[in-house]
Amino acid sequence: MNGALRSGVPPINARVAGLGGSPIRELLRIATAPGMISFAGGSPANELFDVAGVARSYAEVLAQQGPRALQYSSTEGEPELRARIAQFLTAKGVWSTADDIIITSGSQQGLGLIGQVVLDEDAIVLTENPTFVSALQAFALGGARFRAVETDESGMVPEALEEAIIRHSPRAVYTIPTFQNPTGVTTPRERRNEIADVLARHDIWLIEDDPYSEIRFRDEPYSPISSDPRLAGKSLYLGTLSKILAPGLRIGWIRGPQEVLETLTTTKQGISLQTSTIDQLAALHWWENHDLEEKLDPVRAEYMRRRDAMVDGLGHALPEGSTFNRPDGGMFVWASMPEPYDANHALSVAIADGVVYIPGSQFYVSDPVPGTLRLSFVSNSVERIHEGIERLHRVFAEDYRV
Ligand SMILES: Cc1ncc(COP(=O)(O)O)c(C=O)c1O
């Protein structure tokens with residue numbers, strides 16, 4: 001590639017010049033067309049944001065500590081917010097102090113920083129297959145390559161993980177064990193322990209991405225894999241306020257060993273100096289003045305109704321022989337249609353019929369399965385979900401011929 005763009009434009013970094021855009025981003029653009037019912041995005045429901053509460057927090061922060069909120073601040077983040085997050089993680093079983101936390105501008109920045117600091121040219125990252133594509137994009141910035149670990153309906157298979165570690169000598173394992181994006185799969189407790197046993201035996205990083213665990217529909221919190229004390233020196237545990245409070249705030253964090261947090265901090269400094277001071281203080285103010293569980297309960301209840309509306313409709317909408325899950329939390333349902341159905345081919349018909357989803361093949365590291373699709377159940381009301389399901393039914397029953 002040689003960093004060439006086209007004649008007349010000076011060269012740029014050869015590795016990033018070769019990176020393609022994300023086809024998923026293009027779909028998300030289509031998804032905003034008027035009248036379209038989108039099951040494509042992973043955005044929380046607009047109508048469930050606590051707009052008034054967040055407005056109050058910004059106003060009070062400005063009134064009480066205006067100059068501080070408008071000033072530059074530290075790269076690793078506001079100390080009180082780091083302490084609040086440490087408390088939150090400790091309650092989840094991941095024992096932490098403020099010094100174990102760096103604030104990031106959304107967990108996506110955390111993934112990007114890890115891509116640059118922990119992974120370098122040709123480092124291998126083991127991943128679930130399918131997985132969250134934007135993490136792959138972030139890791140690819142450092143030149144990482146990916147290998148899939150066999151997964152089943154309980155997540156990564158521990159024996160397959162160990163085999164892959166021995167075979168590929170990876171630098172890291174990237175996993176989303178709770179309400180995974182894109183499959184909605186959750187790794188049960190026992191399986192988490194087995195994965196921790198494997199990781200404890202090897203000198204590699206665990207990159208555990210956990211944006212969805214608070215969006216749970218059963219009163220059964222899962223301990224993160226990173227809660228295993230044997231992994232304290234090798235786990236990078238990412239969290240975010242995006243799905244709990246609002247993605248527009250861009251507040252996320254990494255909890256990790258202090259040695260590597262120092263390098264992550266210097267790297268963040270080189271990229272962005274810091275995360276917005278006022279946004280951190282407003283988020284902290286909101287968090288300290290609300291009971292998170294009380295705030296999340298109605299959101300969980302509404303998302304669960306939406307999940308049920310979608311899952312109950314899918315049997316009617318998708319071709320006979322399709323399978324799909326009923327996730328215990330998060331935002332996504334994963335469906336598989338039998339051969340020869342192809343979710344990529346059907347997509348243009350679906351868009352013409354006013355409904356859009358993401359073909360599952362977009363999420364695979366290798367061996368994409370054409371009949372799979374990811375459907376988000378959170379961003380539409382139950383009524384819109386019913387209408388979208390009817391449109392999908394029309395797509396597969398009438399308008400799309402395989
Ligand atoms: C698995 C996963 N990780 C990270 C992110 C990024 O979230 P944030 O808004 O905190 O950058 C998302 C967003 O959808 C996600 O699904």
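Start at 1 and go down the list; that is how both ligands and their atoms are numbered. Counting begins at 1 with the first residue of the sequence. Treat the numbers as computed from the prediction; the structure is a model and nothing was measured.
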(request) Validate the cation-pi geometry between R374 and F332: distance from NZ or CZ to the six-membered ring centre under 6.0 Å, angle to the ring axis within 45°. (result)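 Cation-pi check for R374 and F332: passes.
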
(request) Please confirm whether W287 and F88 have ring centers closer than 6.0 angstrom. (result)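 Yes, the ring centres sit under 6.0 Å apart.
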
Can you give me every donor-acceptor pair (side chain of residues 242-251, partner residue at least two apart or in another chain, under 3.5 Å) with its distance?
{"unit_1": "S242", "atom_1": "OG", "unit_2": "T240", "atom_2": "OG1", "d": "3.0"}
{"unit_1": "K243", "atom_1": "NZ", "unit_2": "G42", "atom_2": "O", "d": "3.3"}
{"unit_1": "R250", "atom_1": "NH1", "unit_2": "P247", "atom_2": "O", "d": "3.1"}

(request) Quick one: list whatever passes salt bridge (Lys or Arg N to Asp or Glu O under 4.0 Å) with D219, sequence neighbours left out. (result)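 So D219 forms no salt bridge (Lys or Arg N to Asp or Glu O under 4.0 Å) with any residue.
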
(request) For ligand 1, would you mind listing the residues that have at least one heavy atom less than 4.0 Å away, ordered by chain and number? (result)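 Protein residues near ligand 1 are G106, S107, Q108, F132, I176, N181, D209, P211, Y212, T240, S242, K243, R250.
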
(request) Using ring pair (Phe, Tyr, Trp, His ring centres under 6.0 Å) as the criterion, list what pairs up with H168, not counting sequence neighbours. (result)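 In terms of ring pair (Phe, Tyr, Trp, His ring centres under 6.0 Å), with neighbours along the sequence ignored, H168 is linked to no residue.
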
(request) Kindly check if the number of other-residue, nucleotide or ligand heavy atoms within 6.0 Å of CG (D152) is above 12? (result)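 Count over threshold, so yes.
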
